[in-house]
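Reckoned from all heavy atoms, side chains included, excluding hydrogens, waters and symmetry mates.
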Amino acid sequence: MRMRHLTLALLGAGLLYLSISGPPPASGAGWPAASTDHGPPARGARTAAELCPAKVNQPAATARKPETVPIEFDVHESDPVLNFGTGRKPKRDFIVFTASRRIPPTVRAADFEIDNLEPLRRIGSSELESERLPSPTYTRPHFFDHRKKMAVNLCVRPQNGDPGTYTGQFLLVGPGAIASIALAQTAQLKAEEGDFWLPFTVILLVTLVVLAFRAFTELDRKSTKKDVAARVLVALGSLAAAAAAMYIPYSHNPTWGENGGLLASGALFAAAFTAAGLGTLLAGGPEKIASALGHFGSTRDELKQRPSGAHEKHTGRGDNKPG
């Protein structure tokens, strides 16, 4: 009976708590779904619309009292180049401006707008197809440091953009006598991971087959275990050199694949086989490696067979007697 009464009491307390506090908040609740007019994006924001709800080239609100005293801005902090790598999720450039004087309280965040002077176009070789990214979005300015500084987030959405370098020009426009300021933004996109790892794997397998076939044709009935070990070492070293020759340029090039998948795969193929050939050449050939292994083995056997006191021979200890 006591256990039943305790269970009913706990159940009643839980129902009372739910009736007072309401249902539990959903994931991300407690934070606004989008950035407010006076602050940075929401903590739980994920999509481009949530990160930066304001669109470029949309007129700002009419200022209640346009500023008549000139105010100029300088860019204090910015990330003008956004590297997306292989991802295609939106990224933002947090731009901080320093005002020439304190921004009056009559100036609101909604009084500013960003205009798109030049869209984000792909630049580079004239052989590349003309591509452009969707127009960026942004957050309304956020004033801080006693309204001596102002910050905005400029969000770039690559979506399904082709790899390459994209650059554009934007203009932050303020009300009244507040001077406009030009902004330059660059986005760098790399080919998606599958466009690299698929040809990487295929080329590496082809290189392995070629190296194995070469090693097999060089062996005969007179070949010893040392000869086989030497050719295995050369093949593995050449394979590692081929893998490094393909991966290092890919990892260090933020726009890898911008010239097309066929040219990129051809470059990987050439780099892999060149590295594999150089690896075999620099190794001195399997014969030298086998000779080195044989010399090491004979030296080890000789040391084992040498008497322990052989190193004292001809030292002259005990041979000379006082005259």
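Seen from the ring of Phe84, Lys91 counts as a face-on cation partner, given the 6.0 Å and 45° thresholds. Taking the ring centre of Phe97 as origin, the terminal cationic atom of Lys148 falls outside the region bounded by 6.0 Å and 45° from the ring axis.
For the atom pair CZ (Phe196) and CG (Leu268), the distance works out to 6.0 Å, reported to the nearest 0.5 Å. In this structure, CG on Leu211 lies 6.5 Å from CG on Leu239, to the nearest 0.5 angstrom. To the nearest 0.5 Å, atom CD of residue Gln185 and atom CD1 of residue Ile114 are 10.0 Å apart. Summarising the geometry, atom NZ belonging to Lys190 is positioned 7.0 Å from atom OG1 belonging to Thr86; distances are rounded to the nearest 0.5 Å.
For Asn253 (side chain) and Thr255 (main-chain N/O), a donor-acceptor pair under 3.5 Å exists by modelled atom type. For the pair Thr274 (side chain) and Ala271 (backbone), a donor-acceptor distance under 3.5 Å is absent. At distances below 3.5 Å, not a single donor-acceptor pair connects side-chain atoms of Arg121 with backbone N or O atoms of Gly168. Although no hydrogens or angles enter the test, the distance criterion places no donor-acceptor pair under 3.5 Å between the side chain of Arg92 and the main chain of Cys52. A donor-acceptor pair under 3.5 Å is absent between the side-chain atoms of Thr137 and the main chain of Lys55, judged by distance alone. Under the 3.5 Å distance criterion, the side-chain polar atoms of Arg214 are left unmatched by any main-chain donor or acceptor of Val209.
Judged by distance alone, the side chains of Asn57 and Ser135 never bring a donor and an acceptor atom under 3.5 Å apart.
No side-chain heavy atom of Asp115 sits under 4.5 Å from any side-chain heavy atom of Phe170.
Ring geometry for Phe200 versus Trp197: interplanar angle over 60°, hence perpendicular rather than tilted (30 to 60°).
The 12-atom threshold is not exceeded at CD of Glu129, counting heavy atoms of other residues, nucleotides or ligands nearer than 6.0 Å.
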